[in-house]
Each structure stands twice: as structure tokens, then as C-alpha cells.
Amino acid sequence: MTETINKIDIKDFFISLFHSSKNGFSHKSLSRRREEAFGIFEKEGFPTTKNEEWKYTNIAPVLKKEYNYLPSSSINKKDIENYFIDEIVVNSLVFINGVFSKEHSTILDKHIIVQNFSEAEKESLDSYFNKETHPSKAAFTYLNTAFAENGAYIRIPKGKVIEHPIVLHFLADAKDGNIFVQPRNLIVAEENTQAQLIELITTIGNNGSFTNMVTEVALKQNANIQYYKIQNDSQSQVNTTQVYQQAKSSFTSATISLDGEIVRNNLNVSLNSEYSEAFLYGLYFLKGKQHTDTHTLVIHAKPNCYSNELYKGVLADKSRGVFNGKILVQKDAQKTNAFQSNKNILLSPDAIMDTKPQLEIFADDVKCSHGATVGQMDEEPLFYLRSRGISENAAKALLVNAFANDIVEHIKIEVLKDKIEHLISNRLLV
Amino acid sequence: MLKIKDLKARIDNKEILKGINLEVKPGEVHAIMGPNGSGKSTLASVLAGRAEYEVTGGSVEFNGKDLLDLAPEERAGEGIFLAFQYPIEIPGVSTTNFLKTAVNEVRKYRGQEAIDTVSFLTMIKEKSKIVDIDPALLKRSLNEGFSGGEKKRNEIFQMAMLEPKLAILDETDSGLDIDALRIVANGVNKLKTKDNAVIVVTHYQRLLDYIVPDFVHVLYKGRIVKSGTKELALELEEKGYDWIKDLVNEGSEV
């Protein structure tokens with residue numbers, strides 16, 4: 001089925017597409033949730049800058065472009081090979097225009113279960129699919145949910161340690177025009193599991209893409225998940241990740257944004273059970289007119305949980321960054337430790353950074369801190385390096401690398417870490 | 001080698017250097033002394049190219065080139081080295097990586113080939129002996145968590161690595177105990193040849209017991225008000241700076 005989104009009104013396009021396709025939903029148990037989500041999307045529509053959560057990010061120009069939706073794809077093995085991180089052995093899960101492609105994927109660790117929603121086990125989907133959304137932010141999430149026909153369900157069974165990283169590679173086929181894609185993923189890490197995931201989006205072809213992705217990650221007791229998002233595609237995306245954590249689980253994310261016309265990252269983590277911990281790291285290094293907007297929400301629902309968040313930004317040229325981080329400590333969540341920090345360097349007088357750390361605490365026995373800084377590069381260290389013969393550019397590169405290292409060092413896959421360091425250094429020395 | 005003529009400089013509209021004249025020849029050691037606020041560190045900073053200082057008059061020639069026209073890194077390439085009074089801590093930049101970058105950038109400027117890793121490591125090993133610096137320090141971030149003495153040793157170690165023609169030591173003795181002072185001074189002396197020169201900026205005479213100057217200049221209110229040989233330093237140690245101040249303030253020729 002190929003549809004072209006009429007550039008006059010993208011909302012009307014999705015409304016009519018929903019009505020014409022809803023009788024064909026494959027997974028009846030999800031239908032009610034999809035219809036509910038659709039109802040809200042229909043009422044709210046896409047966010048504008050009048051919406052507080054979208055105040056600094058105007059998504060309208062991107063939505064006005066003409067897109068194809070769900071076209072068949074001519075992507076072949078060769079197209080894909082060029083984009084792999086080829087230095088490491090990985091489980092590679094390939095998604096073409098948002099749909100999991102068994103044919104193009106390679107699963108080395110046989111324990112990993114990957115299914116399309118249409119073939120997935122009913123109970124798992126029912127327990128996790130779209131359980132928690134945060135309405136004020138969620139127009140894109142509702143839209144994605146309404147159209148979550150071909151989502152991917154990834155399950156790591158109880159007690160399994162996945163040896164090789166799992167690469168989730170989302171390809172947008174823009175060979176024959178702009179493409180609008182809506183990947184939907186549900187990842188369930190069962191009790192006592194361990195896995196590393198790497199998420200990549202790649203647009204193939206000479207046209208543009210818009211990705212509205214929603215990924216839900218459920219960690220059961222003692223699950224340990226590292227989730228790396230490498231954003232090095234020049235196109236636009238709204239990337240929403242919802243994390244639900246049970247007791248003693250540990251979630252670490254590192255989001256590295258190095259490219260993208262407009263990138264909006266929503267990361268919502270619910271610490272739903274005692275002794276769970278979450279580490280949220282992010283680095284955005286922007287140039288040209290790139291725009292990256294990060295919204296995070298960490299909910300401490302139960303006692304004795306720990307969260308630590310550090311996002312760093314380097315903004316050059318006329319780029320723009322937005323950070324909005326919220327920690328919510330609910331009434332029951334005594335003995336919470338929650339920390340958040342956002343630090344930014346502006347490399348150009350035309351770069352803009354808006355940052356808003358927020359802390360809402362309803363418990364009384366907690367340790368929390370938050371803070372944000374925006375500044376230029378310090379003159380003193382720069383002069384020190386230059387006085388030793390290091391050129392201004394190379395000195396800045398050393399200092400920005402050092403600044404970024406606080407984030408990059410948390411990437412526990414050595415080859416990936418080297419690759420990121422390399423990408424950062426290359427950009428600085430241009 | 002270095003010819004400073006009527007150099008004037010200011011910061012935040014405050015004139016600090018009000019006409020400095022100084023000539024340094026290869027093989028010489030000059031000490032610049034003076035009370036606090038006389039402009040000693042400003043002179044060192046201006047020579048190294050610190051941007052906060054605005055040069056408002058005069059000239060500085062270094063081996064025939066207009067030094068004031070060069071960026072800080074070009075000055076380093078030409079052979080100027082400033083040992084900082086307060087070396088900067090730079091978390092996340094490893095000392096070794098920094099040194100390799102610096103050495104190779106300077107070599108590039110001087111038209112030499114980049115040094116390979118093996119030769120670089122050999123060089124580090126040899127030069128680290130000069131100031132007895134612990135090789136474990138070099139694996140850490142630049143100056144981060146170094147003691148005062150370790151920072152100053154690291155400055156002289158960098159000097160050894162970069163082989164400058166003119167080293168300017170800005171209050172290198174400040175904050176050092178006598179043992180550390182001796183090690184740092186010995187390091188400087190080992191690096192001294194007939195072709196290079198040193199300017200020692202200091203408030204106290206004690207460093208000059210170890211690094212013996214050929215000339216001593218007294219800086220006061222932005223001018224060199226008295227020059228002499230090493231005996232002048234001893235006289236200052238004995239009598240303090242007040243007699244110099246009195247002489248200048250009375251308007252007498254010194």
C-alpha cells in the first residue's frame with residue numbers, strides 16, 4: 001500500500017487513512033488502545049509552538065513537506081551493508097520504513113525473540129503496549145500508537161545475557177521521494193537479563209525523511225539494559241522512548257546527536273519499583289542550522305531508587321538546542337536519590353540554547369539536585385594550550401573532546417565509543 | 001634575540017605597562033623583580049600573547065620578527081615558552097595526548113616532521129628525568145589534581161619537551177617548598193645552553209640562588225626603574241622594595 005501525504009494537510013491525511021484501515025487491524029486486542037490514541041490525536045492535532053512542551057521547536061515546516069507513507073521499498077542487501085558498524089560482531093535487526101525485515105536481519109544470539117506485532121504473543125503485548133503515556137507531550141506518540149500495525153516486539157527471555165550488542169537499524173527509503181515512517185518497538189527484558197542495544201536511523205536515497213518513532217522498554221526484576229542512540233542522519237525525527245522499570249533493574253541510555261534537521265528526543269523513565277536505577281546521558285553536538293530538542297522525564301514512583309542524568313551540548317554556527325528535564329518524585333518515593341545536570345558550550349554568537357531543568361518533589365526524605373549552565377568556551381584553558389604551540393582549532397578540538405568525554409566514556413562498547421570520538425574529532429578539525 | 005622597545009599595555013582600560021625597554025641576548029638569564037602589582041606578570045603575559053591585554057604602544061622583536069603580530073601558538077613555534085604562575089587544570093585532556101599534540105604542532109611550525117610514537121615515548125622518558133616527574137602523572141588529565149609542586153614541575157617538563165629559545169618563568173617559585181624549588185631550578189639550569197635565554201619573573205630573591213641571573217631588573221608602576229647584576233637582587237632581599245618606591249615617588253632619577 002503506497003499513500004502520498006497531501007502536503008496541504010498532513011493531519012487530514014492520517015485521519016482518513018485511519019478510518020479506511022481500521023477494519024483491517026491484525027491484532028484485535030490492541031484495537032481499543034489504538035482507537036483511543038487516534039481519538040486524542042484527532043482532537044489535539046500536531047503540536048505548535050503555543051504548546052509549552054514545544055515552545056522552542058517549530059515542527060510545522062517539516063510537516064508541510066510532501067511525504068510518501070508506507071511505500072514498498074526497493075532497498076536491497078547492498079544498500080544496507082554500507083551503513084553497518086562493520087568493526088564489531090552484532091545482532092543486527094533491520095527495519096525498512098518502520099517494518100522489521102527478517103530477510104535483512106542477522107540474529108546471532110538465538111535467545112532473542114523478534115516478532116511483528118501481528119504474530120506476537122498476546123499477553124506480552126497486552127501488558128506493555130502503550131501502558132503509560134504522558135498526554136501533554138504525546139501527540140506524536142498517539143499518532144504512532146494509532147498506526148502501530150507493524151510494530152516490532154523484541155523479547156529477551158528470563159535469565160539470558162545477550163553477548164553481542166543488538167543493533168536496531170531503521171532505514172528510511174527516500175529513493176523515490178520524501179518518506180514518513182513510524183517505527184513502533186516494544187522491548188521486554190525479562191528477569192535477570194542483560195543486553196546492549198544500539199539504535200540507528202539511516203535515510204537512503206536523495207530525498208528526505210521524517211521518522212516518528214516510539215520505543216517502549218520494559219525492564220523486569222534485575223534486568224540490565226544499555227541503550228545507545230546514535231543520531232547521525234541529516235533528516236528529522238521525533239524519537240520517543242518510554243522506559244518502565246521493575247525492582248533492582250538498571251537502565252542506562254546514551255543519546256549522541258550529531259546531525260539532523262529537527263530532532264526531538266523524548267525520554268520518559270518510570271522507576272516503578274524499589275531499588276531500580278536509571279542513568280541518562282546525552283550529547284548533542286550541532287552545527288549549521290541543526291536543531292535538537294531533548295525532553296526527559298524521570299518519575300520516581302517508589303522508594304530507594306536512583307537516577308542520574310547528564311546532558312551536554314556543544315553548539316556551533318546557527319544551531320539551536322533545547323533541553324527540558326524533569327524529575328518527579330512521588331509521595332511514596334522516600335530515600336530517592338535523583339540528580340540532573342545540563343551543560344552547554346556555545347561556539348558561535350549565533351547559536352542558541354534554551355534549557356529548563358525541573359524538579360518536583362512530593363516526598364520528604366530525598367536527595368535531589370539539578371542545574372544547568374550555558375557558556376562560551378573558557379579562555380584560560382584555550383590560551384594555555386595555544387601557548388604550547390597548539391593551533392586555536394586543535395586546542396578547541398581538545399577541549400570539546402574533553403567536554404564531550406564525560407558522556408562518551410559511558411558508552412561501554414569500545415568500538416562504538418571509538419567511532420563516536422572519531423566523529424567528534426573529525427567535525428572539530430574541519 | 002628579544003628586543004622590547006617602549007612597550008605599553010593595558011587591561012580593562014587600566015594602563016599596566018607604561019614603556020618597557022629590555023634586550024635579551026642568547027645565553028643570558030634575566031631576572032625581573034618588583035613589588036606586587038608592578039606589572040611583572042603582565043609583561044610575561046603580553047610576551048606570550050594573552051588576549052586580555054591590549055598593547056597600546058611600542059614594539060617587541062623576537063629574532064627579527066614582530067612578536068606582537070603573532071598568535072600565541074605562532075610565538076610558541078618561534079620559540080617562546082611561558083611557564084605559568086597558575087598552570088591550568090584541564091580535565092579530560094590527558095597530559096600525554098596534550099604533549100604529543102603540542103610537540104607535533106611546534107615541529108610542524110618549525111618545518112620538522114611529526115614525531116613517531118616510539119621516539120615520543122623515549123623523549124618523554126628522558127625529559128621527565130630533568131624535573132624528576134612521576135610518569136604516572138602523565139597518564140592523568142592535564143594538571144588535574146596535581147599538587148602545586150607537581151604543576152610547576154610539569155611546566156618545566158613541558159619546557160623541556162618544547163625546547164624553546166626563550167623561556168619566561170612567571171613566579172615559578174611561588175607556592176614551592178625548598179626541595180621542590182631546587183628540583184625546578186635544577187631543571188631550568190639543565191636546559192640552559194649558550195643559544196637559549198631565560199627570563200625569570202619573581203617577587204623574591206630565593207629562586208635566584210639557584211637560577212643565577214646575568215641581569216636583574218626592577219619593575220615598578222609599569223616601568224623598569226633600575227637594572228643591575230645579581231647583586232641588585234641581594235640588595236632588594238635585604239632592603240625590600242620601599243627604597244625603590246621612595247626613589248621613584250620622589251621623582252629622582254634611579
Side-chain angles (χ1 to χ4, degrees), chain A residues 254 256 281-283 285 310-314 341 343-345 347 349 371 373 375-411 414 417-418 420-430, chain B residues 44-53 70-110 112 141-144 151 154-155 157-164 167-168 170:
Chain A
I256 311 292
Y281 302 107
L283 172 71
F285 186 177
L310 176 62
Y311 272 73
K312 290 186 134 185
V314 182
S341 170
K343 294 177 178 173
N344 302 283
I345 295 179
L347 293 180
T373 58
Q376 290 166 351
M377 189 168 271
D378 283 346
E379 285 296 327
E380 277 293 305
L382 198 57
F383 175 65
Y384 188 77
L385 297 176
R386 292 178 71 190
S387 78
R388 298 308 184 239
I390 301 173
S391 69
E392 191 173 359
N393 272 349
K396 281 184 177 169
L398 275 174
L399 293 173
V400 168
N401 258 321
F403 179 80
N405 190 48
D406 286 345
I407 302 300
V408 178
E409 70 177 3
H410 293 289
I411 298 176
E414 211 55 37
K417 188 169 101 180
D418 292 349
I420 301 299
E421 281 172 355
H422 192 71
L423 284 171
I424 293 170
S425 300
N426 273 3
R427 169 163 307 180
L428 285 160
L429 293 171
V430 166
Chain B
S45 292
V46 167
L47 292 178
R50 195 187 281 272
E52 298 98 285
Y53 296 95
L70 302 176
E73 56 268 32
E74 293 170 321
R75 299 183 193 198
E78 291 293 336
I80 299 269
F81 180 88
L82 173 66
F84 281 55
Q85 181 176 5
Y86 304 109
I88 314 294
E89 296 195 12
I90 309 187
V93 174
S94 92
T95 307
T96 309
N97 189 19
F98 152 74
L99 279 171
K100 192 164 183 195
T101 310
V103 166
N104 277 332
E105 291 255 325
V106 164
R107 289 178 70 91
K108 191 164 85 185
Y109 186 89
R110 294 174 188 167
Q112 299 163 318
S141 287
L142 185 54
N143 292 327
E144 193 188 23
K151 283 180 184 168
N154 194 17
E155 293 293 289
F157 172 58
Q158 290 171 37
M159 174 180 157
M161 293 293 286
L162 296 175
E163 299 172 346
I168 303 157
D170 187 8

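A note on names: the letters A, B, ... follow the listed sequences, proteins ahead of strands, and every chain is numbered from 1.
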(request) Test side-chain contact (heavy atoms from CB on, under 4.5 Å) on A/Glu380 and B/Glu89 and set out the steps. (result) CA-CA 10 Å; A/Glu380 277 293 305; B/Glu89 296 195 12; over 6 Å; no
(request) Search all heavy atoms of B/Val106 against all heavy atoms of A/Gly389 and return the closest pair with its distance. (result) CG2-CA, 3.8 Å
(request) Locate the shortest heavy-atom distance separating B/Ile90 from A/Pro381; write the atom from each residue and the value. (result) CD1-CB, 3.8 Å
(request) Could you tell me whether B/Glu52 atom CD has more than 12 heavy atoms of other residues or ligands within 6.0 Å of it? (result) yes
(request) Look at A/Arg386 together with B/Glu105 and state whether they make a salt bridge at an N to O cut-off of under 4.0 Å. (result) no
(message) Under a 4.5 Å cutoff for heavy-atom pairs, which residue among A/Asp378, A/Asn405, A/Leu398, A/Asn401 has the most contacts with chain B?
(response) A/Leu398
(request) State, yes or no, whether a side-chain contact exists between B/Glu73 and A/Ile390 at a heavy-atom distance under 4.5 Å. (result) no
(request) Can you tell which part of B/Asn104 gets under 4.5 Å to a heavy atom of chain A, answering side chain, backbone, both or neither? (result) neither
(message) Taking the ring of A/Tyr384 and the ring of B/Tyr86, is the distance between their centroids below 6.0 Å?
(response) no
(request) Would you mind checking which part of B/Pro164 comes under 4.5 Å of any heavy atom in chain A, side chain (CB onward), backbone (N, CA, C, O), both or neither? (result) neither
(message) Between B/Arg75 and chain A, with a heavy-atom cut-off of 4.5 Å, which part of the residue counts as in contact: side chain, backbone, both or neither?
(response) neither
(message) side-chain contact (heavy atoms from CB on, under 4.5 Å) for B/Leu142 and A/Leu385? Distances and angles first, verdict last.
(response) CA-CA 10 Å; B/Leu142 185 54; A/Leu385 297 176; 4.2 Å; yes
(message) I'd like to know whether NZ of B/Lys100 has more than 12 heavy-atom contacts from other residues, nucleotides or ligands below 6.0 angstrom.
(response) yes
(message) Need one label for A/Glu409: side chain, backbone, both or neither, based on atoms under 4.5 Å from any heavy atom in chain B.
(response) neither
(message) Under the criterion side-chain contact (heavy atoms from CB on, under 4.5 Å), I'd like the reasoning laid out for A/Ser387 against B/Phe84: C-alpha separation, chi angles, the key distance, then a yes or no.
(response) CA-CA 10 Å; A/Ser387 78; B/Phe84 281 55; 3.4 Å; yes
(request) Under 4.5 Å, counting heavy-atom pairs only, tell me which of B/Gly49, B/Ala51, B/Pro91, B/Gly77 racks up the most with chain A. (result) B/Gly49
(request) Inspect the contact between A/Arg388 and B/Glu155 and indicate whether a charged nitrogen and a carboxylate oxygen are less than 4.0 angstrom apart. (result) yes
